[in-house]
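Every chain is numbered from 1 and lettered A, B, ... according to where its sequence line falls, protein lines coming before strand lines.
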There are 2 protein chains.
Amino acid sequence: MSDPSLAHRPTLEAVAARAGVSRATASRVVNGSDGVRAPLAERVRRAVDELGYVPNQAARTLVTRRNDAVAVVVAEPETRFFSDPFLTQQVRGISKELTARDNQLVLLLTEGAADYERVGRYLAGGHVDGALLFSLHDDDTLPALARRAGVPTVIGGRPSWSDADTLYVDCDNRGGARDAVTYLLDGGRRRIGHIAGPLDQTASVDRLEGFRDALPGTDPRMIAEGDFTPEGGARAMAALLEHCPDLDAVFAASDVMASGALRVLRTRGIKVPEDIAVVGFDDIVSVAEWTDPPLTTIRQDIEEMGRMMARLLLRRVSPSAGDADGPALSSIITPTRLVVRASA
Amino acid sequence: MSDPSLAHRPTLEAVAARAGVSRATASRVVNGSDGVRAPLAERVRRAVDELGYVPNQAARTLVTRRNDAVAVVVAEPETRFFSDPFLTQQVRGISKELTARDNQLVLLLTEGAADYERVGRYLAGGHVDGALLFSLHDDDTLPALARRAGVPTVIGGRPSWSDADTLYVDCDNRGGARDAVTYLLDGGRRRIGHIAGPLDQTASVDRLEGFRDALPGTDPRMIAEGDFTPEGGARAMAALLEHCPDLDAVFAASDVMASGALRVLRTRGIKVPEDIAVVGFDDIVSVAEWTDPPLTTIRQDIEEMGRMMARLLLRRVSPSAGDADGPALSSIITPTRLVVRASA
DNA sequence: ATCGCGCGAGAGAGCGCTCTCACGCCGGAC
DNA sequence: GTCCGGCGTGAGAGCGCTCTCTCGCGCGAT
């Protein structure tokens with residue numbers, strides 16, 4: 001309020017005056033459009049420097065209808081499931097990509113229905129050029145909201161519905177899970193249990209599918225559902241042990257649940273990996289490297305997934321700008337990689 | 001881009017026309033200023049609803065010079081130290097407070113000097129009304145940058161310089177540390193070591209001070225410097241054990257370092273808390289509750305600190321708006337609380 | 001009945017920018 | 001030498017909103 005340095009912010013008009021050109025020409029130079037002769041352009045650039053001119057984004061947005069800003073919408077209740085570092089890393093990737101393309105990141109955290117309405121209004125308000133949607137549950141209304149608002153979106157994680165028009169970025173959950181189990185099988189394990197995530201999330205379902213791919217016809221009691229928390233992992237581990245005392249391996253659908261499982265095993269004096277091998281999923285370093293023993297897990301490049309989401313969205317927002325505009329945009333499934341540590 | 005629903009966004013003009021009033025009156029109603037007679041106001045409100053009118057923020061900003069947006073600037077390199085959950089929680093608090101006051105959160109992550117320049121330009125560009133600065137190191141240029149840009153700021157964590165004009169929010173690091181050590185002393189521990197954080201951060205220094213308050217004249221070798229990582233905590237623990245084999249307690253300046261320390265103790269077969277008691281700091285639930293044994297620690301209300309930062313900034317931005325405007329704004333030190341779990 | 005006052009409403013001027021359009025100038029073709 | 005075409009530049013019209021200023025109306029006081 002009444003800040004001097006904000007008050008004397010030079011306008012394009014001032015730059016033009018100083019450079020002895022019209023506002024239109026100054027604008028052309030500032031926006032890098034060609035067709036301005038070198039000496040003039042140079043004069044304008046000097047004036048910009050001398051005055052410390054910075055374009056007023058509001059004025060620009062008002063006429064161009066572009067915000068150069070993207071919303072990242074995170075549905076809070078679900079955030080807990082995906083342990084926090086996951087989100088943080090993804091946001092980091094998004095931020096980098098957005099920055100590289102001169103876009104801003106507006107963070108919208110929601111909790112509860114009232115917030116959805118607020119987000120809907122915000123998106124409809126045309127404040128952002130696009131939105132990145134996170135941690136949706138099965139019948140989440142957020143994508144519909146965004147669509148109604150006419151805001152291009154990209155979703156983090158495969159949504160439960162299929163729709164050619166819906167763009168998302170996810171890792172190869174199924175393939176990764178398959179790899180994990182295959183690795184256990186290759187290591188001679190035969191009685192392999194699975195700690196699944198909540199089955200109303202596609203990631204959990206896909207990982208379970210992968211487990212089944214490698215181990216068809218598994219007794220359903222070898223599969224226990226957790227909730228992506230350590231507690232859930234611990235409970236699931238206990239259940240597994242109960243149904244199958246001679247278990248020799250477990251594949252958990254997340255590192256965090258695996259850490260809960262490890263805890264139960266340690267408490268009961270069961271040696272990992274000697275008695276039971278454990279494989280996680282995610283490779284969240286702060287978890288997987290610091291469990292005891294360190295966790296063998298399936299790595300997904302979380303930050304890169306973030307970058308990809310941002311890139312995809314930006315291309316959707318302005319098809320011409322992106323890379324040499326390929327054909328239709330499509331969802332992306334990133335590969336996973338087995339990272340062997342000590343737990344299996 | 002050419003989106004239909006964005007294209008027909010109704011303007012205030014349209015609302016006014018539908019309600020049969022002037023644009024000025026419509027504006028008055030939309031902005032909740034009084035002095036519009038009830039029936040007219042009602043007509044305008046109905047028109048807004050029917051048309052689904054949402055004010056164009058860019059146009060509004062252009063004239064009011066207010067953005068209703070706040071930047072959260074996080075200096076990346078340091079982020080690793082404060083383990084991620086810390087930041088996430090704080091941002092959550094900020095987001096809630098901002099949302100409640102109809103402000104947006106623009107997230108700016110930086111890494112390296114080049115990014116600082118970019119952030120400087122952004123702040124100078126007047127895109128936001130204020131900035132929240134995080135994880136600064138000792139001679140960080142960010143605050144100066146923000147000041148030059150004329151953007152009101154609030155800093156997360158006590159900065160190393162003192163300056164009446166600088167507002168920050170931090171927890172009572174010193175008092176918390178003192179409480180931790182006092183608790184250990186009360187439990188009969190006598191040979192207490194300290195795993196400090198990097199001493200170029202005020203939080204580490206303050207916690208060390210608190211340690212010394214409770215245990216004046218401690219042999220310097222009872223203090224080992226870590227770096228807020230589990231590895232650092234582990235190394236520091238090992239060093240402590242070396243210099244003082246009959247240690248009976250450790251106060252670590254962070255939960256994350258404590259987790260590293262616990263690991264070393266477990267490896268060496270030293271029982272916690274029987275042989276050595278361990279107290280952490282932060283109470284990052286995902287860490288403290290899931291170490292083995294669960295960590296006794298000093299709790300700081302991270303989310304609340306985030307809220308306070310936001311509130312402070314908003315009051316600084318528009319002194320009139322805030323609560324019944326108290327006198328001068330001042331920095332805030334929040335209390336800490338000892339949380340007893342199993343490790344001490 | 002006249003005057004003045006105050007409140008509610010409208011008219012209109014920008015905020016700083018982009019972009020279309022018109023214009024002037026220079027070079028090449030006739 | 002005249003004409004045309006095209007490129008480089010300037011003039012000006014808004015984008016959608018807020019806010020000041022003015023105006024008109026109805027009321028109480030004289």
N/O-N/O pairs, protein side and nucleotides 17-21 of chain D side, under 3.5 Å:
from    : atom 1 : to     : atom 2 : distance (Å)
dC17(D) : OP1    : Y53(B) : OH     : 2.4
dC17(D) : OP1    : N56(B) : N      : 3.2
dC17(D) : OP2    : L12(B) : N      : 2.3
dC17(D) : N4     : R23(B) : NH2    : 3.3
dT18(D) : OP1    : N31(B) : OD1    : 3.3
dT18(D) : OP1    : N31(B) : ND2    : 3.1
dT18(D) : OP1    : R60(B) : NE     : 2.7
dT18(D) : OP1    : R60(B) : NH2    : 3.3
dT18(D) : OP2    : S27(B) : OG     : 2.8
dT18(D) : OP2    : N31(B) : ND2    : 3.4
dT18(D) : O4     : R23(B) : NE     : 3.4
dT18(D) : O4     : R23(B) : NH2    : 3.0

Which residues, if any, of residues 37-52 of chain B bring a heavy atom under 4.0 Å of DNA chain D?
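Residues of residues 37-52 of chain B that come under 4.0 Å of DNA chain D do not exist, since none gets that close.
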Salt-bridge present ([X], [Y]; N to O < 4.0 Å):
{"X": "R92(A)", "Y": "E303(A)", "value": "no"}
{"X": "D129(B)", "Y": "R65(B)", "value": "no"}
{"X": "D115(A)", "Y": "R118(A)", "value": "yes"}

Within the distance-only criterion (no hydrogens, no angle test), does the side chain of N67(A) pair as donor or acceptor with the backbone N or O of A69(A) below 3.5 angstrom?
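Flag not set: sc N67(A) to bb A69(A) has no pair under 3.5 Å.
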Taking only residues two or more places apart in sequence or in another chain, which ones pass salt bridge (charged side-chain N to carboxylate O under 4.0 Å, His left out) with D301(A)?
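Partners of D301(A) under the salt bridge (charged side-chain N to carboxylate O under 4.0 Å, His left out) test: none.
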Between R311(B) and V169(B), is any pair of side-chain heavy atoms under 4.5 Å apart?
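No. Closest side-chain heavy atoms not under 4.5 Å.
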Measuring only between side-chain heavy atoms, which start at C-beta, is V70(A) closer than 4.5 Å to Q104(A)?
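No - every pair of side-chain heavy atoms lies 4.5 Å or more apart.
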